[in-house]
Asker: 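Have a look at the structure that comes next, please.
Just so you know, ligand 1 is whichever comes first in the structure, and atom 1 is the first atom listed for that ligand.
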Amino acid sequence: MTQADFVVVANRLPVDRTPDGEGWRRSPGGLVTALEPVMRSAEGAWVGWAGQADVTVEPFDFDGTHLVPVTLSASDVQLYYEGFSNDTIWPLYHDVIAEPTYKRAWWDAYVKVNQRFAQAAADVTADSGIVWVQDYQLQLVPKMLREMRPDLTIGYFHHIPFPAYGLYAQLPWRKQVLEGLLGADVIGFQRVADAGNFARAVRRQLRYETKASGILVPDAEGGTRVALAKAFPISIDAESYIELAQKPEIQQRAKEIREGLGNPRKILLGVDRLDYTKGIRHRLKAWGELLEDGRASVEDATLVQVASPSRERVEAYVQLRDEIEMTVGRINGDYDTTTHTAIRYLHQSYPREEMVALFLAADVMLVTALRDGMNLVAKEYVASRIDNRGVLVLSEFAGAADEMGSALLINPHDIDGLKDQIMRAIDMPAAEQGRRMRALRKRVRDHDVEDWSQDFLEALSVFHEKSSRAAAEQITRDDDGSTPEREPIDETDAG
Ligand code: G6P
């Protein structure tokens, strides 16, 4: 059996079926691009689901990576993926924007499927290898894997927010999930606040001590080991966006897009998975009101909203689509003319080339998420703006806001404030656009996705090279020398 020294475990494999259903092609996602060079040089393996229920695929090699498909039955998809992952954890971790559903049968399936992923990783990882687990669908894998293979060094990265303790405390399986994550040596989060929320939940629920970013975890031998819980903000492959934006055919395509919309003075753009966390409704409300107030007109400005289909069998997503499509229909019905439209709504996914053309055509990019782990679209937009023009309107509830202070930061719940900032973006003088865009682009270029994976893997390598005790000593030395934190014992206070 093939074994690898470096293994990624994620809910999805980094490949999709080609349209003819015969072969495979690389999936477009950022994580896949980020890890491609690491996977190739390490001759790594990737454990994940191929995206179809009840289909068993034998392990195979693709582009220098050994792929190990995990089979999910139709019932696993329903209970583990659509249920516990996307109807319990997803809404709970995004500040309960939609109400989470707690079902014991979903939890049981989540445990069972996590066990299957952990077993597949345990089987494919070589002696003393490194395993990097990705995201909220697999929070129990680190502990399961450590129990099966104590020789491994285990990392986990959490791509979505980790909620404040008062919300997290709702989860009936809150202790088990924390213990699951603490099986990792390094637990990475998007924002400093997420790592802080996690550490607090650990102190309150498990009563473990934390010291700076280290968490003291009791080990199997009755001693303690240290797990590191820290922010490692993810990024994009900025150079690949820059290269595309430089291509004459993509610049030409951007012009065609403008013309196709009737050459409005300004184009506003939203690009999201169709998800209730993205604040699409708030954005449409603000835009509809600006048209109603007469502060904007359709000859003057058009909103292009790309909403890519997502999780279409989960009820909250079905409802959201209905609401959004009704709102778009109403606004367009009220304000469209025969030559211009208020909103060009596209319920589709596009290849990266078309996205870059859209970014180049858009004078204003609207990222109005109510809660978002990072939001890579914000980074893709600025990377693509090689002309240093365009304005990013960015929700302070997106992780990207921590790094992108030169955007126009907004609170999407404040519709009047949002409207004002949209107008400010539409009217922003070129010199100010340039100043802000340069600062934003510098940040994204200086901290791209390769830096992200390197930073994380470097932190993990400390655990790989040293014993857990020595790693603990180094972490405590490198950190700020703060005193250990303990939470007072008051089980009733979930604040
Ligand atoms: C978010 C999550 C990812 C997930 C992606 C698409 O970005 O953090 O883990 O893969 O959404 O969602 P899907 O349910 O289609 O995998």
Asker: Is any side-chain N of the basic residue among D87 and R311 closer than 4.0 Å to the acidic one's carboxylate O?
Answerer: no

Asker: Protein N/O near ligand 1 N/O, under 3.5 Å, which pairs?
Answerer:
{"from": "ligand 1", "atom 1": "8 (O)", "to": "D135", "atom 2": "OD2", "distance (Å)": "2.6"}
{"from": "ligand 1", "atom 1": "9 (O)", "to": "D135", "atom 2": "OD2", "distance (Å)": "2.5"}
{"from": "ligand 1", "atom 1": "9 (O)", "to": "Q137", "atom 2": "NE2", "distance (Å)": "3.3"}
{"from": "ligand 1", "atom 1": "11 (O)", "to": "R311", "atom 2": "NH2", "distance (Å)": "3.2"}
{"from": "ligand 1", "atom 1": "12 (O)", "to": "R311", "atom 2": "NH2", "distance (Å)": "2.9"}
{"from": "ligand 1", "atom 1": "14 (O)", "to": "Y81", "atom 2": "OH", "distance (Å)": "2.5"}
{"from": "ligand 1", "atom 1": "14 (O)", "to": "R311", "atom 2": "NE", "distance (Å)": "2.9"}
{"from": "ligand 1", "atom 1": "14 (O)", "to": "R311", "atom 2": "NH2", "distance (Å)": "3.3"}
{"from": "ligand 1", "atom 1": "15 (O)", "to": "R12", "atom 2": "NH2", "distance (Å)": "3.1"}
{"from": "ligand 1", "atom 1": "15 (O)", "to": "Y81", "atom 2": "OH", "distance (Å)": "3.4"}
{"from": "ligand 1", "atom 1": "16 (O)", "to": "R12", "atom 2": "NE", "distance (Å)": "2.7"}

Asker: Centres of the Y136 and W90 rings: under 6.0 Å?
Answerer: yes

Asker: Between H413 and H282, how do the two ring planes meet: parallel, tilted or perpendicular, split at 30° and 60°?
Answerer: perpendicular

Asker: What about F198 and H158, are their ring centers closer than 6.0 Å?
Answerer: no

Asker: Salt bridge check: are E380 and R352 linked by an N-O gap of less than 4.0 Å?
Answerer: no

Asker: Evaluate the side-chain contact (heavy atoms from CB on, under 4.5 Å) criterion for residues L409 and Q421: first the C-alpha distance (whole Å), next the side-chain angles of each, then the deciding distance (0.1 Å), finally the verdict.
Answerer: CA-CA 8 Å; L409 294 182; Q421 292 296 51; over 6 Å; no

